Amino acid sequence: MAGTSNLLELMTRNIRQSGIYVAFVFIVVLFTILTGGTLLSPGNITNLVLQYSYILILAIGMVMIIVAGHIDLSVGSVVALTGAVAAVVVIREGMPWWVGIIAALITGVLVGIWQGFWVAIVGIPAFIVTLAGMLIFRGLTMQTLDNVSLSPFPSEYQMIAGGFLNGLLGGPGYDVFTLLIGVLAVLGFAVQQWRVRMRKLKYKQPVEALWLFAVKILVVAAVILAFAWRLANARGLPIVLILLAALVLIYGFVTQRTVFGRHIYAMGGNLQAAKLSGVKTKRVNFLLFVNMGVLAAIAGIVYSARSNSAQPGAGYMFELDAIAAAFIGGAAVTGGVGKVQGAIIGGLIMAVMSNGMQIMGIDQSTQNVVRGVVLVLAVAFDVWNKKRVAVEK
Amino acid sequence: MSDHILEMRSITKRFPGVVALRDVTLTVRRGEIHAICGENGAGKSTLMKVLSGVHPAGSYDGDIVFDGEKVSFQSINDSEARGIVIIHQELALVPHLSVAENIFLGNEVATGGVINWHEANAKAVELMHKVGLDENPVTPVGYLGVGKQQLVEIAKALSKNVKLLILDEPTAALNDDDSEHLLSIIRGLRDEGVTCIIISHKLGEIASIADATTVLRDGSTIETIDMHTGENLVPRIIKGMVGRDMEHMYPERDVVIGEEVFRIEDWTVMHPTQPGRVMVDRASLKVHAGEVVGIAGLMGAGRTELAMSIFGQSYGRDISGTAYLHGEPVKLTSVSEAIDHGIAYVSEDRKRYGLNLIEDIRRNITAAGLHKIATGGVVNGNEEIAVAERYRTSLNIKAPSVMSVVGQLSGGNQQKVVLSKWLYTEPEVLILDEPTRGIDVGAKYEIYSIINKLAASGKAIIVISSELPEVLGICDRIYTLSEGRITGEQRAEEATQESLMELMTQEPADTVAAATD
């Protein structure tokens, strides 16, 4: 077992993981062709990050909820509610922009406490609690806003989703700072991958052949650098991208390296065994929903800043994108399996699809059909994959 | 009509990377009880999956001739249609449905899709009678004990006009009484013309019931033994299974008993959902350092309930009584509290309560003691692998690496993973509930050796078991439990299977009164 394994073996063994990347590349290529190259234009790449960052933020929280064996249907409504609270505080009450952000985050925490209480303490299935939450928080949004849209936000608030870091280091026609960050990201990725590989070798775990490892690093480096190049040629480094990167790193760490993260997987894998191993399941479940509330609030802030308004109907069907992102990203319907990085790729797939279809001028109704079908197919793949593995045993 | 109801010829089944069955031949005469023996991983289950169509025709090489006809089953439905019914070790019953509903599940007594409940229940009673099950047919199966559930499975098989009944470890979860009952029913079925294949690890049982025994080892047939030669064939079977002689079933050990470590007094536990039902009634017991204490009791006597209620009140409600650790009263109101106090509980049902089957060995081993390799809530991944490696080596867990998924290991190795998990919490008191259930002879010996080593290192060990020879073989002192009450305490050297059984079946008069009000 130790030593290196060949490409095919790695691919088939990790079809759940590698499949996502293949699907992502496929979707990107498909829509690049369908949109005549517009998808990958510098302006659109920037736009993609700005417009769909909320999916990725929600997907991070959602994949954790799904791994623990729950679901959250209320995130769309929570996005709307938190955005509405921020708008009321900042626009209607005229308070500073950061008070609005704090108010939105507190709202997110309160929402999480409410749902966490019912799911974790009382023991009502999350499906029911969050289905009710979907309605409750949508209703509260409408009441908060008196059923009208509020706009515009002050420019500081808009910066969260529309701001860029550029010109810090100058550059002839492109932003050097953005490129520098891109290079640092590549180096960080390469070092981290190398350390993982060394550790696996030390503990005699199978790793891919060295050439394959090098190819993997080079491909990722090329993608990141190309991405950075596009951004640098447009408007520079979006602030929201920094926020996203921070969230991905933090939550990647929390889920993979901390006791709390490990407990989430243990509960999703076998709740009874986790309980009998001393995992405080109520506490973990409660915190998961509070966390989801906070992430939904962040998404709410970003989304309201991006649209420069709070609307009663904001966040409609966002839960679908978040749930689809988690499942496309390899989360299992039965819980216990799923990764933040997977959910991010899943979210990007949903984002590229939505964006591509929009560029192509496809009708919203058709877009809904496509997104729904993609969700079903992602879960079908998980079910099929599980059967395949079961038969092999 | 041929004399042989089943011939499996030269069956070879390959999985990616392994050959699970190599040229296996199995011939079963009509109307006999045919035992299949082999260590876990020897290929017994795979062979039965090939026979029942779980592995469809075409996915293996070789021929199956059933009832004189070459067959190629594509699914379990195909084999059931021919009268081959398999009863798995993990019962496939729906706990919320009634006995009758379970018996006729998928085979309902109905006209035009409308179920005739009177007829269904009446037929169910008839079938239940055949298997000696005296229960109301409308009782939900979940209310019955494992022993009775097994009988429901057999009744279900009978409802399908079974010709060849395959029982995978039918008595693994049963106590001696229930096992004896089940075996007599299997004999009865044979006499009525139903051929039975029985997979079992209990060799004494095989010796008493089987007409022929096929021994498998490492995916190959070793031999088929005629069981009517009159001599004691158990040593020969063991030799065939493990490829060596098994001198002693239970390893020797030097007993050094120290101070009292753990004691409970007047421990009473109520049923979690049925008010007024007493599951454990004023039980008192103690265990010393270096001592292995047995709790012997029939299924439903409250053994697991007692153990789990001690382990952080993970079972029952209104638990009263006092627990003492080193003579000091302690509160054990949650599992984490119990673990912090050095108590560990290894469940009788490792798949349901012990393991995260989709996770790897490493993470299962550290699941209960994760804080020990974590600083500020962050797990040290290198240390974790080192810990897992240490236990893999010391407990001889057979797996390619500690990154192997636990669900793919054999029962014995899974049990070692659960044991590792609890050893890593460095407990003082280790409660082992049926530690060798569903494990082959070789692995059992290893588990016993581990228990001995732990006792020798000064741990206080409580072993709950329904196999009396095992209790007598590994324990120093034995408590008997009957209907939630401790009915006796004997030193192992004074106890016999008969004396224990007598105490285990004793009905404490006031418990009966308490249970009926």
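These numbers were taken from a predicted model, which means no experiment stands behind them.
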Taking all heavy atoms of [X] and all of [Y], pick out the closest pair and write down the distance.
| X | Y | answer |
| --- | --- | --- |
| B:Val379 | A:Val259 | CG2-N, 3.7 Å |
| B:Asn356 | A:Gly269 | OD1-CA, 3.2 Å |
| B:Gly354 | A:Ala273 | C-CB, 3.8 Å |
| B:Val335 | A:Lys275 | CG1-O, 3.5 Å |
| A:Asn270 | B:Lys351 | ND2-O, 3.1 Å |

Original post:
Are there residues of residues 249-258 of chain A that reach to under 4.5 Å of chain B by heavy atoms, and which ones?
Top reply: A:Phe253, A:Gln256, A:Arg257, A:Thr258
Subject >> Value rounded to 0.5 Å, distance of NZ in A:Lys282 from OG in B:Ser334 >> reply: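 Rounded to the nearest 0.5 Å, the NZ-OG separation comes out at 11.0 Å.
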**OP:** Considering only heavy atoms and a distance below 4.5 Å, find which of B:Thr46, B:Leu355, B:Ile373 pairs most often with chain A.
**Re:**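 When all of B:Thr46, B:Leu355, B:Ile373 are compared, B:Leu355 has the most.
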Original post:
Highest number of heavy-atom pairs under 4.5 Å with chain A: which of B:Glu384, B:Glu359, B:Arg363?
Top reply: B:Arg363
**OP:** Please determine, among A:Ala274, A:Gly336, A:Gly278, the option with the most heavy-atom pairs under 4.5 Å with chain B.
**Re:**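 Among the listed options, the one with the most contacts to chain B is A:Gly278.
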Original post:
When only heavy atoms count and the cut-off is under 4.5 Å, which of residues 418-431 of chain B reach chain A?
Top reply: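 B:Lys421, B:Trp422, listed by number.
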**OP:** Let me see the working for A:Arg262 and B:Thr366 under side-chain contact (heavy atoms from CB on, under 4.5 Å), right down to the final yes or no.
**Re:** CA-CA 10 Å; A:Arg262 202 60 70 69; B:Thr366 56; 4.1 Å; yes
Subject >> Residue B:Lys331 excluded, over 12 heavy atoms near NZ under 6.0 Å >> reply: no
Subject >> Segment of A:Lys280 engaging chain B (4.5 angstrom heavy-atom cut-off) >> reply: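 Side chain of A:Lys280 only, per the 4.5 Å heavy-atom cut-off to chain B.
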